[in-house]
Number of protein chains: 2
Amino acid sequence: MGSTAKERGVQAEESRGARTTIVDVAVAAGVSRQTVSNALNRPHKVAPDTLERVLREVERLRFTPHASAQQLRRQRASAFGFEVNPSGHRRLGHILDEFLVELTVSAPAHASHLLAFAPDPDDVIAGYRQTLASGLVDGFVLADTRHADPRPQWLIEHGVPFVSFGRVWDRPELTRWVDVDGHAGVLGAVRHLAASGYEQIGWLGWPSGSPVGDDRRRGWADGLAELGVTGEAPTAESVQDLDEATGAAERLLDRLGTDAAIVCASDLLALGALRAVRNHGLEPGRDVGVVGFDDTDVAAAMQLTSVHQPVAEAARTAWDLLVDPESTSAPVLLEPTLTVRASSIRETSDADSSAVLDPP
Amino acid sequence: MGSTAKERGVQAEESRGARTTIVDVAVAAGVSRQTVSNALNRPHKVAPDTLERVLREVERLRFTPHASAQQLRRQRASAFGFEVNPSGHRRLGHILDEFLVELTVSAPAHASHLLAFAPDPDDVIAGYRQTLASGLVDGFVLADTRHADPRPQWLIEHGVPFVSFGRVWDRPELTRWVDVDGHAGVLGAVRHLAASGYEQIGWLGWPSGSPVGDDRRRGWADGLAELGVTGEAPTAESVQDLDEATGAAERLLDRLGTDAAIVCASDLLALGALRAVRNHGLEPGRDVGVVGFDDTDVAAAMQLTSVHQPVAEAARTAWDLLVDPESTSAPVLLEPTLTVRASSIRETSDADSSAVLDPP
DNA sequence: CTGAAAGCGCTTACAG
DNA sequence: CTGAAAGCGCTTACAG
């Protein structure tokens, strides 16, 4: 094999099978590799004509810096970890799947990327520690925060940057988070139902104790207070099971009487409400209003009015809080919108047109 | 600031705020850093007692190699890209979200990790090229393959490793893929319905032309042939819209007569079928059998029998095909299972117990 | 404004 | 079997 010529390494940068490096660009532009780096990272430090020449070659050779070399030198991964978990008993909605996608979409705008990782359920913190220690990420995006969540505590103690989608319930003042205002979303739904002519408005929610559920329920209660309703308004509780939700909704309907509507803490509960309405021989929308929460694909399929979370905006905000810590230090609470469909429209005219309505 | 002492860098490795490196381990174990590297990567080349001493220090100091340093030196990212797309008009089911999670769960077993990326929809290939050029990934996991998909072509041309979840329809012989046998899944559903006593079995599917849909439909046709049904069996077509699916299912029911069942190409179509059954004043399961496809959370909520894809197994197989290319070179077709629920049970006895039934 | 030097943390031939 | 040398591709002070 007469490979010595090859080994001299004097081939044109185009013909090599290997990757294009900063040196290839430097040679092509007739400058040192430091100048190429400066042109890319600190353009103001480079003479205008040199800059232009370098950038032209960068373009022509389609040079893309090698990420690991940058990471190693900068001691920064420009990446953040996002915990995922196998579904098993997944909730309806997959809001978190959508959030992951939107985080990924917004990542390049912040010169970052997203690393999915699945920690061992028996030692979640170990998964975070390991991922961080590998240098693959600079910090984390948390989701699915809950009471007594060990993660914020650990991250704060170790000075690890993070942002949370969902309030950090135990110490909301301490940390950066972005959340959707469930209270406002449900309040808007109550106002919409009242304006649509439903007289009685009941609540179908989860057993109290879940911070998210309790927050949404307060939105309903405040909505009733705003309408001047006093005394015992009918409510019902159910876990995430359609049959149980249906039963709870039927009992709720009995207590609500005519001209009633039901606001639900989730689309799955609303599915139970829809079924209960039909079991009573009634028509959702025309006879009984039903509103869900999360605006899942199922809500769209079932013509169910539902509170819509601005997930893409939440993802963009999460990046802002994480990558530009100066920009906003306060927590961010986003306003949901109400996607109105046939299940909350009394007139039959345009019952199958769906529209997005901002809460007043 | 009397920081000169600090600059001498003679502090114990424990007390430094900085990361633990291979040198810290070497010093602690009294060997050179090369030996630590060998102990970790080529243990057979290290004397047993040295090995033990080194590994003990690795453990004690919780040393985790810096990923970018490894990647740079090895010229390998040990990571693979997975394309995600903002939902918009998402299908019911989110099988791909589940696949992403399962890929992430299986990644550590292959000493790899998964990078999510969202290419520009107007130039998907550019997104793949860019992600590859950055050195962040060694290859890709494809999903959602379709006819005239430009990605396999481009990847093959550039010698980029990849595996696909879903057949590479245009050149199945050329590439590595893992898929779920939709034909077998629907065939199993037909057999189950026949065994349950439904006499007429219709098909509710998508307009022909989609390779996935056509494959599933053939499973239904072959099932009928197996049962000795000849002539024109009733079918109906619908796109992914619940109202349209309901209408199509109602017409299908009229043609099927009594003792009928409907096999559907998706859970959403099955939702339409369920609604059509109720619109006819009938009860799903008891009067008309309905089977969906994908076993989504909605199927579980609605007590809908559905064909279940072994997504976790598909993810593990994808890693095998990608990371250990020697292990299996042939495409892999996995058998789905049938999750039986009330919608395909005629007796009312245990109508709400769900069971998983392997196809015969 | 430009380039020579140093170094991020690791692995891989290669001497000893 | 162990360690000294080289180098992956890049960036950042720092001379000139």
Side-chain angles (χ1 to χ4, degrees), chain A residues 7 9 13 16-55 57-58 61-78 111 132-136 138, chain B residues 7 9 13 16-55 57-58 61-78 111 132-136 138:
Chain A
E7 286 164 357
E13 70 281 359
R16 312 192 315 162
R19 67 179 354 272
T20 302
T21 73
I22 201 172
V23 172
D24 298 321
V25 178
V27 169
V31 295
S32 73
R33 71 180 193 279
Q34 293 85 323
T35 300
V36 176
S37 180
N38 282 333
L40 258 18
N41 299 310
R42 317 147 93 185
H44 56 282
K45 295 215 155 196
V46 176
D49 55 335
T50 310
L51 181 61
E52 195 202 357
R53 193 157 29 109
V54 169
L55 294 184
E57 292 303 322
V58 165
L61 298 173
R62 275 185 176 154
F63 168 65
T64 306
H66 197 67
S68 11
Q70 285 184 316
Q71 290 166 203
L72 180 58
R73 178 59 233 239
R74 290 180 172 154
Q75 296 288 88
R76 184 162 24 93
S78 297
L132 186 69
S134 73
L136 283 169
D138 301 322
Chain B
E7 288 164 356
E13 70 280 356
R16 311 191 315 162
R19 67 177 358 269
T20 302
T21 73
I22 201 171
V23 172
D24 298 321
V25 178
V27 170
V31 295
S32 74
R33 72 179 193 280
Q34 293 86 323
T35 300
V36 176
S37 180
N38 281 334
L40 258 18
N41 298 310
R42 317 146 93 185
H44 56 282
K45 294 215 155 193
V46 176
D49 55 335
T50 310
L51 181 60
E52 195 202 356
R53 196 158 26 106
V54 169
L55 294 184
E57 292 304 322
V58 165
L61 299 173
R62 275 185 175 154
F63 168 65
T64 306
H66 198 67
S68 11
Q70 286 184 316
Q71 289 166 203
L72 180 59
R73 178 59 234 238
R74 290 179 173 153
Q75 296 287 88
R76 183 161 25 92
S78 296
L132 187 68
S134 73
L136 283 168
D138 301 321

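Each chain gets a letter, A, B and so on, in the order its sequence line appears, and its residues count up from 1. Because only heavy atoms are used, hydrogens play no part in the values below, and waters and symmetry mates are left out as well, while side chains stay in.
The A:R73 side chain lies nearest to D:dT12 when the options are D:dT12, C:dT11, D:dG3. Out of D:dT2, D:dC10, C:dT12, the shortest distance to the side chain of A:R33 is found at D:dC10. Distance from the side chain of A:Q70 is smallest to D:dT11 among C:dC10, D:dT11, D:dC1. Of the candidates D:dC10, C:dG3, C:dT11, the closest approach to any side-chain atom of A:Q34 belongs to C:dG3.
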### Worked check of side-chain contact (heavy atoms from CB on, under 4.5 Å) between B:T64 and B:T20
CA-CA 8 Å; B:T64 306; B:T20 302; over 6 Å; no

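Using Watson-Crick or G-U wobble geometry with both donor-acceptor distances under 3.5 Å, D:dA13 finds no partner in any strand shown.
What separates CD of A:Q71 from P of C:dC8 is a distance of 17 Å, to the nearest Å. Atom CG of B:L40 is separated from atom P of C:dC10 by 10 Å (rounded to the nearest Å). Atom pair B:Q75:CD and C:dT11:P shows a separation of 14 Å (rounding to whole Å applied). Protein atom CZ of A:R42 is 15 Å distant from nucleotide atom P of C:dG3, rounded to whole Å. Between B:K45 atom NZ and C:dT12 atom C1' the separation is 10 Å, expressed in whole Å. Whole-Å rounding puts the B:H66 NE2 to C:dG7 P distance at 17 Å.
Across the interface with DNA chain D, nearest-nucleotide mapping of A:S68 and B:T50 shows B:T50 to be the residue nearer the 5′ end. Nearest-nucleotide assignment on DNA chain C puts the 5′-proximal partner with B:L72, out of B:L72 and B:N38.
Side chains of B:V36 and B:E57 form no contact here, defined as non-hydrogen atoms less than 4.5 Å apart. Residues A:L40 and A:V58 form a side-chain contact, since some pair of their non-hydrogen atoms from C-beta on lies under 4.5 Å apart.
Put simply, A:S37 has no side-chain N or O that comes within less than 4.0 Å of OP1 or OP2 on D:dC10.
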